[in-house]
Protein chains: 2
Amino acid sequence: MKQTRNTTAKTEILDLISQSEVALSHSEIQSALDGLCDRVTIYRVLNRLVEEDLVHKVVNTDGGVKYASCHSCATTHNHNHIHFSCQKCKSVTCLENVEPSFKLPKKYKVSEVNFTVSGICPKCS
Amino acid sequence: MKQTRNTTAKTEILDLISQSEVALSHSEIQSALDGLCDRVTIYRVLNRLVEEDLVHKVVNTDGGVKYASCHSCATTHNHNHIHFSCQKCKSVTCLENVEPSFKLPKKYKVSEVNFTVSGICPKCS
DNA sequence: CTTATTTTTGCAACAATGTTGCATTAAGTA
DNA sequence: TACTTAATGCAACATTGTTGCAAAAATAAG
Ligand SMILES: [Zn+2]
Ligand SMILES: [Zn+2]
Ligand SMILES: [Zn+2]
Ligand SMILES: [Zn+2]
C-alpha cells in the first residue's frame, strides 16, 4: 500500500471542507484557495481525501459534484445520510441524522448510496 | 404555452428509451441512433421529453446522467423510486416499487428527489 | 395542394468539468 | 544532509452540455 503525505494543498483543502457548513464544489474550492495550487492538484487532492475517507462526495440532483467532511465518521462511518440541495441558494447540506429506510429485492448487493433531495432550505423559505 | 411537434428524432429517441430495460445515457442513445441526428438535437429532445414528463432523468452515483421512461406515470406520476447502478455491468435500473421513507426536519420543503444505490445487480452476482 | 407560421434541426463555437503524461518539486526518512 | 517516492504544475486532451443563428421540417390555414 502506498504512502500519503501531508502537503500544503491537502491541508488547506481539508480545512476548507471541514470548516464549511455546506458541501463545496471543485470550483468553489478553487476560488477560495485563490491560486494556492493548480486546478489539477485540487482534483487529485480531492480524490485522495475521498480515498482516505476524510471527505465524502455528494452528487447533486443536477449532476454537480460537491465534497463534505465526515463529521460522524469517527464512530459509525457510513455515508448513508440524505443531502439537501437548495434550489434557491444552491447550497448542499449533509443531514447526517436523516437515514432513509428502504427494502431492495434480495438479489441486489448494495455497496454505496447517494440520496439527494432538492427543494427550499430553511434559510431561504 | 408553446406547442410541441412529433419529429423523427423525438419518436426514435422515445422508442429507444421506452423499449430499454435500463436507463440510457446521451452517448448510448447517440450510438444507437447511428447518425440519425446531431448530438445537440439529442440533448434538446431529451430535455423536451423530460419537460413533457415522458421520460425521467437519473443522476448516477458517479454524476453521469441517464434517462428512463416512466412506466408508472400513467397513474401516480412521481419519480421517487430508487435507481440501482451496477458497478460491474454499469447498468442503471429503475426499481419502481422501491420508494424509500425518510423524515426531514420540518423546515425543509422538498420538490424533487434522487435516490441512487450502487452495488452488484442480480445478473452480475 | 399550396402557402404561411413556428418549431426543430444542424453546425460551429464555446464553456465547464475532469483526466493523463511527464518533468520538476517537495515530504518523509535514514 | 542525502535519498526515495509522493505530490505538483503545466500542457494537452476528453467528455458533457449550452448557445446563436440560418436552414429545414411540421403543423395550420386557405
Ligand atoms: Zn437555500
Ligand atoms: Zn454528507
Ligand atoms: Zn450488473
Ligand atoms: Zn426511474
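In the text below, chain A, chain B and the rest are named by the order of the sequence lines, each starting its count at 1. Owing to the predicted nature of the structure, the values given are computational and were not obtained by experimental measurement. Because only heavy atoms are used, hydrogens play no part in the values below, and waters and symmetry mates are left out as well, while side chains stay in.
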**Q** Less than 4.5 Å apart, any side-chain heavy atom of B/Phe102 and any of B/Leu104?
**A**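 Yes; the side chains approach each other to less than 4.5 Å.
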
**Q** Is it the case that the side chain of B/Thr41 and the backbone of B/Cys37 share a donor-acceptor pair, with hydrogens and angles ignored and the cut-off at 3.5 Å?
**A** no

**Q** Among residues 37-44 of chain A, which contact DNA chain D at a heavy-atom distance under 4.0 Å?
**A**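 The answer is A/Cys37, A/Asp38, A/Val40, A/Thr41, A/Arg44.
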
**Q** Nearest whole angstrom, please: distance from the P of D/dG17 to the CD1 of B/Ile29.
**A** 11 Å

**Q** How many whole angstroms separate atom CD of B/Gln30 from atom P of D/dT15?
**A**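 After rounding, the gap between these two atoms is 11 Å.
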
**Q** OH of B/Tyr67 versus P of D/dT16: gap in Å, rounded?
**A**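 Rounded to whole Å, this separation is 12 Å.
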
**Q** How many whole angstroms separate atom NZ of A/Lys10 from atom P of C/dT25?
**A** 23 Å

**Q** What's the CD-C1' distance between A/Gln3 and C/dT29, to the nearest Å?
**A** 9 Å

**Q** When you check the phosphate oxygens OP1 and OP2 of D/dA7, does a side-chain N or O of A/Thr4 lie under 4.0 Å from one of them?
**A**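 So the side chain of A/Thr4 is within the cut-off, an N or O lying under 4.0 Å from OP1 or OP2 of D/dA7.
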
**Q** If we only count heavy atoms from C-beta on, is the A/Leu46 to A/Ile17 side-chain gap below 4.5 Å?
**A** yes

**Q** Quick check on DNA chain D: between B/Gly63 and B/Arg5, whose nearest nucleotide comes earlier from the 5' end?
**A** B/Gly63

**Q** Measure the distance from CD1 on B/Ile13 to C1' on C/dT9 and round it to the nearest whole Å.
**A**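 Going from B/Ile13 (CD1) to C/dT9 (C1'), I get 11 Å.
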
**Q** A side-chain contact here means heavy atoms from C-beta on lying under 4.5 Å apart; do A/Asp53 and A/Val50 qualify?
**A** no

**Q** Regarding B/Glu52 and B/Lys10, does a basic nitrogen lie under 4.0 Å from an acidic carboxylate oxygen?
**A** yes

**Q** Measure distances between side-chain N and O atoms of B/Arg48 and base N and O atoms of C/dT8, and say whether any donor-acceptor pair falls under 3.5 Å.
**A**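 When only heavy-atom distances are counted, B/Arg48 does not reach the base of C/dT8 through any donor-acceptor pair under 3.5 Å.
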
**Q** Using only side-chain N and O atoms of A/Thr7, determine if any of them is under 4.0 Å from OP1 or OP2 of D/dT8.
**A** yes

**Q** Could you check whether A/Leu46 gets within reach of a base, just the sugar-phosphate, or nothing at all, counting any heavy atom under 4.0 Å?
**A** nothing

**Q** Quick one: side chains of residues 20-27 of chain B, donor-acceptor pairs under 3.5 Å with protein atoms, not counting sequence neighbours, listed by atom name and distance.
**A**
residue : atom : partner : partner atom : Å
B/Ser20 : OG   : B/Val22 : N            : 3.1
B/Ser20 : OG   : B/Val22 : O            : 2.6
B/Ser25 : OG   : B/Ser27 : OG           : 3.3
B/Ser25 : OG   : B/Glu28 : N            : 3.1
B/Ser25 : OG   : B/Glu28 : OE1          : 3.3
B/His26 : NE2  : B/Arg39 : O            : 3.3

**Q** How long is the line joining CD of A/Glu51 and P of D/dA6, in whole Å?
**A** 14 Å

**Q** Please collect all side chain to side chain donor-acceptor pair (under 3.5 Å) contacts where either partner lies in residues 111-125 of chain A, sequence neighbours excluded, each pair once.
**A**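 Every side chain to side chain donor-acceptor pair (under 3.5 Å) pair that includes a residue of residues 111-125 of chain A, provided the two are not neighbours, is A/Ser111-B/Gln87, A/Asn114-A/Thr116.
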
